Undergrad: 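Structure incoming, see below.
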Amino acid sequence: MLKYNPSEIEKKWQRYWETKKFYDTKDSVEGKKNYMLLTEFAYPSGNLHIGHWYAFSLPDIRARYLRMKGYNVMYPTGFDAFGLPAENAAIKNNIHPEVWTKKNITYMTKQLKSMGATFDWSRMVSTMDPDYYQWTQWMFLKFYEKGLAYRALTSVNWCPKDKTVLANEQAEGGKCDRCGTEVMQKELSQWMFKITQFADDLVDGLKDLDWQETAKLGQINWIGRSEGAEISFPLTKKHKVLIIHGYTGSPDENKYPWIKNKLEELGYEVDIPRLPNTNNPDQNEQVNYVLKNYKIDENTILFGHSLGAVVALKVLEKVGKPIAKLVLGAMAMDPGATDSRLKNDPRPNWRNFSWDFDFEKIKKLTYEVVVLSDLKERKRIFFMKYLSEKLSARLIEGHSVKEHFTGPTEPMILNNLINSIKVFTTRPDTIFGATFLVVSPEMAQKWINTHGDLAPPEVKKYVQDSLKKTELQRQENREKTGVDTRAKAINPATGKEIPIWVADYVLGHYGTGAIMAVPSHDERDRAFAEKFSLPISDAPLRDKSEIMKLLKDKGVGMPHKTYRLHDWILSRQRYWGVPIPMINCKTCGYQPVPEKELPIKLPPLKDFKPADDGRSPLAKAEKWLKVKCPKCGNDAERETDTMDTFVDSSWYFMRYTDPKNKKEFASKKNMANWLPVPMYSGGAEHTTMHLLYSRFIAKALHSLGYVDFNEPFLSRMNRGIILGPDNQKMSKSRGNVIDPDVEVKKYGADAVRMYLAFMGPYEQGGPWSPGGINGVYRFLNRIWYLVSGISYNKDKNGGNSNEYRDLDIAIHKAIKNIGDDIEKLAFNTCVSELMKLLNAFEQAARDGYKIQNTKYKILLLLLAPFAPHLAEELWQTVLKNKKSIHLESWPEYNQEMLSEEKIKLVVQVNGRLRDTLDVKRGISENEAKELALKSENVKKHIEGGVKKVIYVKDRIINLVVGIDLTK
RNA sequence: GCCGCUGUGGUGGAAUUGGCAGACACGUACGACUCAAAAUCGUAUGGCCUCACGGCCAUGUCGGUUCGACCCCGACCAGCGGCACCA
């Protein structure tokens, strides 16, 4: 008898399966349902670790099982090939990232093949392949077209060591997640994806997904939706409001008298110039009229409505001095661009209005710009968005407003005219206890930018100092700091005047960047109030909806949602990534690369180290860099930043469905064959990154009509982590690393796979136990000897089915339980079942039964997904089957076999076990009672007399004695 | 601080979801084989009392609901994870 030699048989069968292309998946197969089993593809770090085995070999059990159940199963894999570690390793070893990465891919492919998994290598994708990243670039362009990708100046996480920007998700706890260096805040212009546009959908969409609760909650926490209200606290400083009416308008027109009246009630001074020639306006004439007759300074709030907004912008541009606030309501559009009504307007002066503004200049002249959209015409909304982007303005979309703001009362305008500090709160019901306001240093800085002269020096100093600090430094010091701005606001609920402070415990990037402080209800506010002796009010709570109604009626508060989630900053100042397909032209600004020029290939570069000025190494690729502007044809430069690799990896599963497509990232038809992914397993560390990004990309593509699904992953299993034998995280320094190659050499791939399956629940992981894998290895040996020890044609006497009944029952139970448990991904209990089944076989053999060939076959079929090599070897070599075991069907179980005729009935007295009876299945309560009462041990315990009998058929009979049931 | 998860033998873990707690393994002890060891096979293995039949205790702690609770409810303790000066 030959010994079980895994390394020999495993190589043999791996070659056999590969040559026969067993696992190259067809797009569809007649009569079979498609099933894509997705696991996160690997980063080509250079070596497979035990975690990879856990990630890939366990889902493979399910893949093999589903194949046997008749599915057309795709089990794809690939490589997430771009990224920082490749570049760092490359720099360290003085080898090109591409060479390094390709070498790793080759080596890891070999390692992956040693698992004996059913990977479909014909569909392998690698994100560094231009055929792949051309579509990553294409998606960027499509997103750019629709405003889902944009460039903006933001405060970003900057790693001084890696010299690159990091997403919030990559800078958790204020440390770079690659190198651990403390992250700094830096103001940079970056490309971003508008993931916040889908924030609600990303939260609400989870409801219908079959994901682990922990994964769902992780995302919900990360998105951090808070529902509350945005409330305006008017400043006590009385401003002058200058209202510029629109085309054919006048100070007497609809809402103006009402607004004027209301503002004056609040103590504002209001001017509404009666503009000359309102029915046939001339821009210069109107602008000059305003400039001549009205004083405009830092106390002025300027409001322009419709065509008046155009006048207002020109007025401000000409004044050239800061004003308090600029409000543009329902602004008329550039006639050349969109509005045919204007274009065809017969009045020549109208058309001669200039829409050419120096937006940068205007931005610097205002502390705050608000754009009010009337939300009635789509073109107009588009223009309002454009305008608010140009001016970095708050865009307020009107709800239930009169068309073009022509109602006799317009609270939305009034509310936004008042110069106020807006706060976000989840507790509007505490507003009566709000005794001061606190603004963040970021918000204060904006105000200082335009009104620097007015700010007290200690405020300037405090703001400067705190903005220098990193996020981490600001959070380290929990002791409250802050200064009084000396400005005052009115609490709109109490009407009382309250101070405004600036303090760094208020964050600039959350909510409005300012809070109403309620020391009586908020610990932080209390600590602050106590430290600086600010008033604390014990005003009682009010009913939330009552408060909201009050604030709404006053026009100072609206329900509002805020998110912790920020837009996805995807620019990376790095070489080893996908170039962002944009061109920067001095005259035309950023222009998209024409689609037909894709892919923009990463230029070969010898020196790919990041520059000290923070510019991407791509800036050194001079030939590549210099291009013509696609719009004006003048000299221009390519964008030198590359994309965050999470962009690459957020759509790779779509490519699996159509990996060779040259015309699309994947055809809708092919995607329909496989997507959305029914089952995705991977690491819990990706909950708030990869999984969230992928969901966003899918939703964005869906909204643009390129994919038919809105959620990419219907179910998700986060797998656990394999720890070292010492129950600690594996690490070289601890010396507790288990090398899968070593284990495979010692015990074989089958044993490694099966032990990983056996060690515990998949979502839990656990410590690697050398004894544990040895136990599994022993089990495989026992199978080997059991099956290869049989001799044929000796089962002639085995026809007596009664003799085989115990074994048959064990077999049928195993078929059912293993199938059920694989479906549940409860691999550990599957292995237990297989062990029990082997015990039953061995018991039968020990009892002298001759075991039929067909029974061994079932044993091997059940084993096949778990130990595919051993099962194949015994199936073909020992049992002499011509066809591979992996082309066989999963065996059927016989329901009758599962319900044994004889069962053990548990007899309890007062719920305590007193005896077990061997009885026939299905006996009646009376029969059971009679039998139970005969039991000697039961008799001893029922002396008080049986008061009540609980009978659960085929399970238990419980005799209740001496308990007063009337109580 | 908020949210969530988990507590079962010496160890990893089972338990048909309210019906025999500890399946299946690891480990340990003893035995068989062996000159011996390893490997393999067999027996035992939650604790306490008992020669035994059997009994009592036992699923983090305390209490409750129930004929009956690892499972449901309440309070607490411990560990892990996510978020965190997020208003």
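Naming convention: chains lettered A, B, ... in sequence-line order (proteins, then strands); numbering from 1 in each chain. Keep in mind the model is a prediction, meaning the values are calculated, not measured.
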Undergrad: Rounding to an integer number of angstrom, what distance separates U61(B) and U11(B) when you compare their C1' atoms?
TA: 24 Å
Undergrad: Excluding sequence neighbours, so at least two apart, what forms side chain to side chain donor-acceptor pair (under 3.5 Å) with D918(A)?
TA: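 With neighbours one apart ignored, the set is K904(A).
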Undergrad: Just jot down the side chain to side chain donor-acceptor pair (under 3.5 Å) partners of T425(A), sequence neighbours excluded, or say none.
TA: none
Undergrad: Can you identify which nucleotide, out of A87(B), C85(B), G42(B), has its nearest atom closest to the K480(A) side chain?
TA: C85(B)
Undergrad: Among the candidates A87(B), A23(B), G19(B), find the nucleotide nearest to the side-chain atoms of L507(A).
TA: A87(B)
Undergrad: If we ignore angles and hydrogens, is there a donor and acceptor under 3.5 Å between the side chains of D525(A) and Y505(A)?
TA: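 Their side chains do contain a donor-acceptor pair, which is all the 3.5 Å distance test asks for.
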Undergrad: Quick one: which of G82(B), A87(B), C20(B) gets closest to the side chain of T425(A)?
TA: A87(B)
Undergrad: When all nucleic acid strands are considered with a 4.0 Å heavy-atom cut-off, which category describes N958(A): base, sugar-phosphate, or nothing?
TA: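 Result for N958(A) = base.
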Undergrad: Using the purine O4'-C1'-N9-C4 or pyrimidine O4'-C1'-N1-C2 torsion, is U65(B) syn (within 90° of 0) or anti?
TA: anti
Undergrad: At less than 4.0 Å, is any side-chain N or O atom of N839(A) found next to OP1 or OP2 of A25(B)? Yes or no.
TA: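 Affirmative; the distance criterion is met.
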Undergrad: Taking any strand in view, what nucleotide pairs with G22(B) in a Watson-Crick or G-U wobble way, both distances under 3.5 Å?
TA: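 The answer is none; no pair meets the criterion.
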Undergrad: State which residues pass ring pair (Phe, Tyr, Trp, His ring centres under 6.0 Å) with W768(A); sequence neighbours excluded, sorted by chain then number.
TA: Y755(A)
Undergrad: Would you kindly check if the NZ (Lys) or CZ (Arg) of R542(A) is within the cone defined by 45 degrees around the ring axis of F432(A) and under 6.0 Å from the six-membered ring centre?
TA: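 Yes, R542(A) and F432(A) form such a contact.
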Undergrad: Among residues 750-759 of chain A, which contact RNA chain B at a heavy-atom distance under 4.0 Å?
TA: F758(A), M759(A)
Undergrad: How far, in whole Å, is G64(B) from G68(B) if one measures between their C1' atoms?
TA: 15 Å
Undergrad: Using the P atom in both, what is the distance from C41(B) to C26(B), to the nearest Å?
TA: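 To the nearest whole Å, 9 Å.
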Undergrad: Any side-chain heavy-atom pair from M730(A) and I722(A) closer than 4.5 angstrom?
TA: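 M730(A) reaches I722(A) side chain to side chain.
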Undergrad: Using a 4.0 Å cut-off on heavy atoms, which residues in residues 760-773 of chain A reach RNA chain B? List them by number, or say none.
TA: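 Contacting residues: P761(A), Q764(A), G771(A).
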Undergrad: Could you work out which one of A23(B), C41(B), C20(B) sits closest to the side chain of R782(A)?
TA: C41(B)
Undergrad: In whole angstroms, how far is the C1' atom of C24(B) from the CG atom of D821(A)?
TA: 12 Å
Undergrad: Check whether any side-chain heavy atom of I223(A) lies under 4.5 Å from a side-chain heavy atom of L692(A), and answer yes or no.
TA: yes
Undergrad: Hey, which sits more toward the 5' end of RNA chain B by its nearest nucleotide, S832(A) or L217(A)?
TA: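 Between the two, 5'-proximity favours L217(A).
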Undergrad: Is R695(A) positioned over the aromatic face of W222(A), cation under 6.0 angstrom from the ring centre and no more than 45 degrees off axis?
TA: no
Undergrad: Would you classify V423(A) as touching base, sugar-phosphate or nothing, given that sugar-phosphate means primed atoms plus P, OP1 and OP2, and contacts are heavy atoms under 4.0 Å?
TA: nothing
Undergrad: Verify whether one side chain among S520(A) and D538(A) offers a donor that lies under 3.5 Å from an acceptor in the other.
TA: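 No pair is found: no donor N or O on one side chain lies under 3.5 Å from an acceptor on the other.
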Undergrad: With rounding to the closest Å, how many angstrom separate the C1' atoms on G46(B) and G42(B)?
TA: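 My reading of the C1' atoms in G46(B) and G42(B) gives 23 Å.
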Undergrad: NA contact type, N774(A), heavy-atom cut-off 4.0 Å: base, sugar-phosphate, or nothing?
TA: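 The residue N774(A) makes no contact with any strand.
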Undergrad: Which nucleotide sits closest to the side chain of W222(A): A87(B), C83(B), G42(B)?
TA: C83(B)
Undergrad: With a 3.5 Å limit on both atom pairs, tell me what U16(B) is paired to, counting Watson-Crick and G-U wobble, or say none.
TA: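 None - no nucleotide pairs with U16(B), as no candidate has both distances under 3.5 Å.
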Undergrad: Considering only C67(B), A14(B), A84(B), which nucleotide approaches the side chain of R564(A) most closely?
TA: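 Closest nucleotide among those given: A84(B).
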Undergrad: Looking at F528(A), does the NZ or CZ of K480(A) lie under 6.0 angstrom from its six-membered ring centre and within 45 degrees of the ring axis?
TA: no
Undergrad: Salt bridge check: are R427(A) and D522(A) linked by an N-O gap of less than 4.0 Å?
TA: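 No salt bridge links R427(A) with D522(A).
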Undergrad: Across the strands shown, which category fits I515(A) at heavy-atom distances under 4.0 angstrom: base, sugar-phosphate, nothing?
TA: base
Undergrad: With rounding to the closest Å, how many angstrom separate the C1' atoms on U65(B) and G18(B)?
TA: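 Per the computed distance, 12 Å lies between those C1' atoms.
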Undergrad: For atom P, what is the distance between A14(B) and C24(B), given to the nearest Å?
TA: 14 Å
Undergrad: Distance check, C1' atoms only: A69(B) and A15(B), in whole angstrom units.
TA: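 These two C1' atoms come out 13 Å apart once rounded.
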Undergrad: Please check if the number of heavy atoms outside I721(A) that lie under 6.0 Å from its CD1 is greater than 12.
TA: no
Undergrad: For K3(A) and A38(B), what is the distance between atoms NZ and C1' respectively, to the nearest whole Å?
TA: 12 Å
Undergrad: Go through C67(B), A87(B), A84(B) for me and flag the one nearest to the V506(A) side chain.
TA: A87(B)
Undergrad: If pairing requires Watson-Crick or G-U wobble contacts with both distances under 3.5 Å, which nucleotide is the partner of C53(B)?
TA: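 WC or wobble partner does not exist here.
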Undergrad: Which label fits F424(A) and Y510(A): parallel for a plane angle under 30°, tilted from 30 to 60°, or perpendicular past 60°?
TA: perpendicular
Undergrad: When syn is taken as a glycosidic angle within 90 degrees of 0, is G7(B) syn or anti?
TA: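 Anti, since the glycosidic angle lies more than 90° from 0.
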Undergrad: Can you tell me the base-pairing partner of G7(B)? Count Watson-Crick or G-U wobble geometry only, both distances below 3.5 Å, and say none if there is no partner.
TA: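 G7(B) is paired with C77(B).
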Undergrad: Who does C83(B) pair with, Watson-Crick or G-U, both distances under 3.5 Å?
TA: G1(B)
Undergrad: From A14(B), G4(B), C67(B), pick the nucleotide closest to the side chain of T829(A)?
TA: A14(B)
Undergrad: Whether R778(A) contacts U40(B) is assessed here as follows: a side-chain N or O lying under 4.0 Å from the phosphate OP1 or OP2. Is that the case?
TA: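 The answer is yes; a side-chain N or O of R778(A) sits under 4.0 Å from OP1 or OP2.
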Undergrad: Any chance the side chains of S788(A) and Y4(A) put a donor and an acceptor closer than 3.5 Å?
TA: no
Undergrad: Let me have a per-nucleotide readout for nucleotides 52-58 of chain B, 5' to 3', with B, S or -, counting only protein heavy atoms under 4.0 Å.
TA: --SSSS-
Undergrad: Measure the distance from CG on N817(A) to C1' on A14(B) and round it to the nearest whole Å.
TA: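 Value for this atom pair: 12 Å.
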Undergrad: Closest-nucleotide mapping onto RNA chain B: is M835(A) or T916(A) further toward the 5' terminus? I mean the 5' end.
TA: T916(A)
Undergrad: Report the base-pairing partner of C72(B) (Watson-Crick or G-U wobble, both distances below 3.5 angstrom), or none.
TA: G64(B)
Undergrad: Rounded to whole Å, how long is the line connecting atom CH2 of W784(A) with atom P of A39(B)?
TA: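 Taking CH2 of W784(A) and P of A39(B), I get 21 Å after rounding.
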Undergrad: Quick one: is A87(B) close enough that its OP1 or OP2 comes under 4.0 Å of any side-chain N or O from S226(A)?
TA: yes
Undergrad: Once you apply the 3.5 Å cut-off to both distances, tell me the Watson-Crick or G-U wobble partner of C33(B), or none.
TA: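 Per the H-bond distance test, none.
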Undergrad: My understanding is that a pair needs two contacts under 3.5 Å, Watson-Crick or G-U wobble. By that rule, which nucleotide pairs with A38(B)?
TA: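 The answer is none; no pair meets the criterion.
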Undergrad: Tell me whether the side-chain N/O atoms of Y505(A) come closer than 4.0 Å to OP1 or OP2 in A87(B).
TA: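 For A87(B), neither OP1 nor OP2 has a side-chain N or O of Y505(A) closer than 4.0 Å.
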Undergrad: Take atom C1' in C53(B) and the same atom in U59(B), then report the distance between them in whole Å.
TA: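 That atom pair is separated by 28 Å.
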Undergrad: When the ring planes of W501(A) and F532(A) are compared, do they come out parallel, tilted or perpendicular, using 30° and 60° as the limits?
TA: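 Tilted.
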Undergrad: Determine the contact category for R225(A): base if any of its heavy atoms lies under 4.0 Å from a base atom, sugar-phosphate if only primed atoms, P, OP1 or OP2 are that close, otherwise nothing.
TA: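 Nothing, no heavy atom under 4.0 Å.
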Undergrad: So, is N828(A) near the phosphate of A14(B), with a side-chain N or O under 4.0 Å from OP1 or OP2?
TA: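 Yes.
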Undergrad: Using atom types as modelled and distance alone, determine if a side-chain donor or acceptor of Q728(A) lies under 3.5 Å from a backbone N or O of R734(A).
TA: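 Judged by distance alone, no pair lies under 3.5 Å.
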